[in-house]
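We name chains A, B, ... by the order of the sequence lines, and we start the count at 1 in each one. Atom set for the values below is all heavy atoms of this structure, side chains included, hydrogens, waters and symmetry mates excluded.
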Amino acid sequence: MSGITPANGATDSMAVVAPNLESTPSIIAAHAPQVKDDDESMSEDDKPLMKKQQRQQNNKRVGGGTSSSEDEKPLNKRPRASNGAANKKRRVVDSDSDESDAGPSVKKEAEPTPKTNGTSKPRSSTTRKPVIPSSDSELSEDEKPLAKRATANGNGTAKAKPKPNTKAAKKAPSSDEDESPSEDSESSEDEKPLAKKKAPAKPRQSTSSAKATPKSKVKAEPESEDDDDVPLAKGKAKGQAKPAAKDKKPVIKKEKKVKEEEDEEDKYKWWEQEALGDGEVKWTTFEHNAVLFPPPYVPLPKNVKMKYDGVALTLPPESEEVAGFFGAMIETDHAQDAKFRENFFKDFKAMLEQYPPKENVKVKSLDKCDFKPMFEHFEREKEKKKAMTKEEKKAIKEAKDKMEAPYLFCVVDGRKEKVGNFRAEPPGLFRGRGEHPKKGTLKHRLCPEDIIINIGKDAPVPVPNIPGKWKGIQHDNTVTWLAHWKENVNGNAKYVFLSAGSSWKGQSDRAKFEKARELIKHVDKIRKDYTEDLKSKVMADRQRATALYFIDRLALRAGNEKGEDEADTVGCCSLRYEHVTLSPPNTVVFDFLGKDSMRFFQEVQVDAQVFKNIKLFKAEPKKKGDDLFDRLTTTLLNKHLNSMMPGLTAKVFRTYNASWTFQKQLKHTPKNGTVAEKIAAYNTANRDVAILCNHQKSVSKTWDVSKTKHEDKIRALKYQRMKLRLQLFSLDPKIKKKRPDLAEDESDMDEEFCERHEKELLEKALDTAQKKFDKDNVKLEEEGEKKKDKKDLEERLKEIKEEFKELKKERKSRKVEPRRAATEEKLLEQIQKMDERIATAKVQLEDRDKLKDVALGTSKINYIDPRITVAWAKKYDVPLEKLFSKTLREKFPWAEAEADKGWIF
DNA sequence: AATGTAACTTAGGATTCTTGTT
DNA sequence: AACAAGAATCCTAAGTTACATT
C-alpha cells in the first residue's frame with residue numbers, strides 16, 4: 001500500500017487480512033451490569049462492594065462465554081447512527097439536577113437496562129477483549145476468563161491513519177460562550193463546561209540558541225579548566241583520584257587491583273541500597289567520553305547524480321547529502337507522503353539555495369527530481385557489503401568496535417557502568433509518526449558546539465572525535481545524563497543516558513514497580529472515592545473522577561496537552577468531544593489516536609454514572625473539537641492522586657494494572673503441562689497485558705502471504721491424511737461404518753487445491769531428482785568415474801511423471817490403492833499422527849494470527865514487574881532464558897536476585 | 001494559570017542477528 | 001549453503017512528570 005491513507009482511519013489496512021469491517025463495530029460482549037439509572041440507586045453504589053461486584057461481572061463474561069445468564073450474551077451493538085437517534089430524544093433532560101446529589105439525570109428516561117441483550121449479535125472474530133484489571137478481592141472469580149470490555153478492534157490494529165482533525169477548533173474555542181452552557185442546571189455554575197481552557201494558542205517557537213544556556217551551571221567551554229583534555233582512556237583507575245568525599249553510598253573499595261575491581265563491580269548489588277530520588281545527589285565522580293559523532297559525509301562517486309527534469313545535477317556535498325537522504329527513501333511510504341515531501345522539499349530547496357548544482361539549474365518541483373540513480377547506488381553498495389567475505393566483514397566490525405570501545409562504558413563513583421545511546425544522532429529526515437506536521441524536515445548534523453556534557457569535576461574532559469569544542473561542560477551531580485543537545489526540528493532536548501542495565505536505570509525501574517505495588521494498598525480506597533466523586537456536584541471533581549475511572553479501567557495515559565506543531569494525539573485528559581461516542585444504555589465507544597498515533601478503538605461498558613457523566617460533559621454548548629474534560633488537566637489530576645498516596649501519578653496505574661493483570665492471568669498456567677505449554681500460557685498472559693495497554697505493531701506487509709503459506713501447509717497435511725484414509729477404505733470398506741468419523745472428508749480439500757498441490761509436488765519431485773542427478777555427477781567426476789548419462793535423468797523424470805499420473809487418477813476416482821505394506825493398524829496410526837500434526841499446526845496458525853498486530857515486548861520491558869516472571873519461572877520450573885532475552889536479563893538482575901517462587905506483586 | 005524547561009520513561013519501526021528449513 | 005522467518009537489538013520519537021518562570 002502506498003502511502004495513501006484512507007481518509008478515515010477506519011479502513012486502513014486493507015491489504016491485511018482483517019476481514020471485519022470496522023464499520024460494524026463489533027459487539028461488545030459486555031455484560032450488562034445492572035445499570036442503575038438514577039442516582040438514587042447510585043447510593044448503593046457507594047458501598048464498596050458494589051463496584052467490585054460489577055467488575056466481577058465484567059470479568060466473567062469472557063468472551064461470549066457460555067455462561068448462561070442472559071447478560072452474558074453479547075449485547076448488540078448499536079450502530080452509532082442509531083444511537084444518535086435514540087439519544088436525541090432524551091438528551092436534554094439528562095442534565096438535570098437531581099436531587100440529592102448533584103447527580104444529573106432524572107430518572108426519566110430510564111435506560112432500558114440490560115435486557116437488551118437479547119439481541120445478540122455475533123461478535124466479530126477479531127474482537128479482542130482486554131482483560132480488565134480488578135481488585136484483589138475478586139481474585140477467585142477472576143480466574144474465569146475475563147472478558148469485559150470487548151474491544152472492537154476491528155482490524156483493530158490498524159494504525160490508523162489519523163484523520164486529521166483539525167485541532168483548530170480545539171483550542172480556539174468559543175471561549176466566550178463559556179458561560180452559556182445553559183441551564184444545564186447541573187448545578188453551580190461550575191458545572192458548565194468551560195469553554196476553553198486555553199485561549200490564544202501561542203505558537204511556541206523554539207528559538208534555539210539564544211537563551212539556550214540552561215542552568216547557569218553550564219560553563220562555557222573555555223573557562224572550564226580542561227587542562228587535561230585527555231579523554232579518559234580506559235576508565236578505571238582514575239576515578240579514585242578524588243576520593244569521593246562524602247559519598248553517600250559507600251564506594252567500594254577502590255584500592256583493588258584492576259581485575260578484582262571488575263569482579264567487584266559485577267557484584268555491586270545496588271538494589272540492596274536505597275533508591276535515590278529526584279534532585280538528590282546521584283554521583284560523586286563521573287567519567288565518560290560523551291558522544292561519538294558519525295563520520296563526516298563522503299561524497300558519492302562522480303557518476304552518481306540525481307536528475308532534475310532529465311538533467312543530471314552535480315551537487316556540492318552539502319546538498320548532495322540531503323538529496324541522498326531522500327534518495328535512500330524513495331521506495332518507502334514516507335516518500336509518497338504529501339506532508340513529508342513538502343517539508344523535505346522546503347529544506348532541500350533552501351539547501352540548494354546555499355549549495356546549488358554546478359549546472360545552474362533551478363530546482364522548483366520535487367516531482368521533477370529523480371533520485372533513482374542515487375537510490376540504485378545505495379542498493380548496489382548494500383549488495384556489495386553483503387557480498388563481502390567473512391574476513392572483510394570481520395575487519396570492518398573490528399574497526400568499528402575499536403572506535404566505539406571508549407564510549408561503551410563510563411565510570412560512576414569508581415564503578416564501571418554501561419552507557420546507552422552514546423552515538424550522536426546522525427543527520428537525516430525527521431520521521432515523525434502519524435500526521436506530524438514536521439515530518440520530512442531535515443535534521444541537522446550535530447557538532448560539538450551543539451552538545452553540553454555533564455561530567456565529574458575532576459574527570460578529564462573528553463575530546464570530541466571530530467573537530468570542535470563542546471557547547472558547555474557542567475558538573476551537575478543531581479542528574480544522570482552524560483550529554484545533552486537540542487534537536488533542530490522540534491526543538492526537543494535529547495540526552496545520552498546510561499543503558500537499561502545500569503544501576504541508575506535499574507534503581508529507578510525498581511522504584512517504579514515498588515510504587516505500583518504500593519498502589520495496591522490504596523487502590524480500593526481510591527476506587528471507592530472516585531466512584532463517589534462520579535456524582536460530585538463540583539464539575540471539576542466529577543470530571544476528574546470520570547477520567548480516573550478511564551485511567552484505571554482502560555489503562556489510558558494521562559494525556560497532556562500538545563502543541564500545534566505536533567501530531568494530534570490524545571490521552572485521557574486531552575480527550576475531545578469527538579473521541580467518545582455514547583451508545584445507550586451504557587456503552588461508550590472510544591476512538592482516538594494515542595501515543596505514536598496508535599489508534600485506540602474500543603467499545604466499553606461503563607457504569608451508569610460514567611455514562612451519564614459523559615453525556616453531561618458532551619452536553620450542549622460543546623461540540624466537536626472541544627475538550628471532553630474541560631475542567632481537568634494532568635497537573636490537576638496528578639495533584640489529586642498525590643494527595644491520595646505520596647508519589648502517585650496517572651502512569652502508576654498503567655504499571656500497576658499491567659503487572660496485576662499479568663500476575664492474575666498467569667494463574668491459568670497448566671501445572672502439569674510441558675514447558676512449551678507453560679510458555680504458551682505465559683505468552684497469553686503477556687498478550688492480555690499488551691492488549692490492555694494497547695500495544696500494537698503494524699502487520700507485516702508479507703503477513704498475508706505467509707499466512708496463506710501456512711494454511712497451505714495445513715492443507716497439505718490434510719491432503720496426506722486424505723490419502724491415508726482412502727487407502728484405509730480400499731483395504732476395508734467396512735471401516736466407514738465402524739468409524740464414521742473417518743468417513744468425513746477433510747475440509748478445504750477441494751479438487752482445485754488437490755490439483756494445484758499435486759502439481760507442486762510434482763515440480764518439487766522433478767526438481768529434487770534433477771539436483772540429485774547433478775550432485776551425483778559432480779561426485780562421480782571427482783572420483784574420476786564416468787558421469788551418468790543424461791538419459792538416466794530423463795528416464796527418472798519420466799518415472800516420476802508417471803507416478804504422478806497415478807495421483808491424478810486417484811483424485812478422479814477418489815480411490816487409493818493401499819501402499820505396499822499398509823495395514824489397517826498402521827494406517828489408523830498414521831492418521832492419528834496426522835491429526836495431531838494438523839491440530840498443532842492449526843493452533844500455531846491461530847497463535848500467529850492473534851499476535852500479528854499485538855506487540856508483547858513493550859509491556860514486558862516496561863510494565864510487567866520482572867519479579868513476577870522470575871517467580872513464575874521458578875515455580876513452574878521454566879528456564880528464565882526462555883522468557884527473558886539476554887538484554888532483559890541484564891536489565892533485571894535485581895529481579896532474579898530478589899524474587900523466589902513465592903514472590904508476589 | 002498558563003507556559004516553558006528539564007529529565008526521564010515508554011514506544012513502534014528499522015535493522016541486524018539467529019535459527020530453522022530446504 | 002542459502003535463505004527466509006522470527007527474535008533481538010538499535011534507534012530515536014513521543015510520552016509523563018516536576019518544577020521554574022511569566
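- In this structure, A:Lys382 reaches neither bases nor backbone, as no heavy-atom distance under 4.0 Å exists between it and the strands shown.
- Taking the six-membered ring where tryptophan is involved, the planes of A:Trp894 and A:Trp270 are tilted, since the angle between them lies from 30° to 60°.
- Contact annotation for A:Ala493: no contact, since no heavy-atom pair falls under 4.0 Å across all strands.
- Counting distance only, with no hydrogens placed and no angle test, the side-chain atoms of A:Lys595 and the base atoms of B:dT10 include a donor-acceptor pair under 3.5 Å.
- Using a 4.0 Å heavy-atom cutoff across all strands shown, A:Gly857 reaches no nucleic acid atom at all.
- Within 4.0 Å of A:Asn560, counting heavy atoms only, lies at least one base atom of the nucleic acid.
- Within 4.0 Å (heavy atoms only), A:Arg557 reaches sugar-phosphate atoms of the nucleic acid but no base atom.
- Here A:Gly571 lies out of heavy-atom contact (under 4.0 Å) with every strand.
- Atom CH2 of A:Trp504 is separated from atom P of B:dT9 by 12 Å (rounded to the nearest Å).
- Counting non-hydrogen atoms under 4.0 angstrom, A:Tyr863 reaches the backbone sugars and phosphates but no base.
- Using bins of under 30°, 30° to 60° and over 60° for the plane-to-plane angle, the ring pair A:Phe286/A:Trp283 lands in the tilted bin.
- At a threshold of 4.0 angstrom between heavy atoms, the contacts of A:Ser508 are confined to the sugar-phosphate backbone, with no base atom among them.
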Item checked: Derivation of the side-chain contact (heavy atoms from CB on, under 4.5 Å) call for A:Leu888 and A:Lys860 -> CA-CA 9 Å; A:Leu888 275 189; A:Lys860 206 183 217 176; 3.8 Å; yes

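- Partner of A:His334 under the ring-ring contact (aromatic ring centres under 6.0 Å, His included) criterion, chosen from A:Phe325, A:Phe340, A:Phe326: A:Phe340.
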For nucleotides 20-22 of chain C, list the nitrogen or oxygen atoms of the protein found under 3.5 Å from its nitrogen or oxygen atoms, one pair per line.
none

So which protein nitrogen or oxygen atoms get under 3.5 Å of nucleotides 5-9 of chain C's nitrogens or oxygens?
from	atom 1	to	atom 2	distance (Å)
C:dA5	OP1	A:Lys709	NZ	2.8
C:dG6	OP1	A:Arg848	NH1	2.5
C:dT9	OP2	A:Ser885	OG	2.9
C:dT9	OP2	A:Thr887	OG1	2.3

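- Note: A:Phe884 and A:Phe892 meet the aromatic proximity criterion, with ring centroids under 6.0 Å apart.
- The closest side-chain donor-acceptor pair between A:Thr569 and A:Lys562 falls under 3.5 angstrom.
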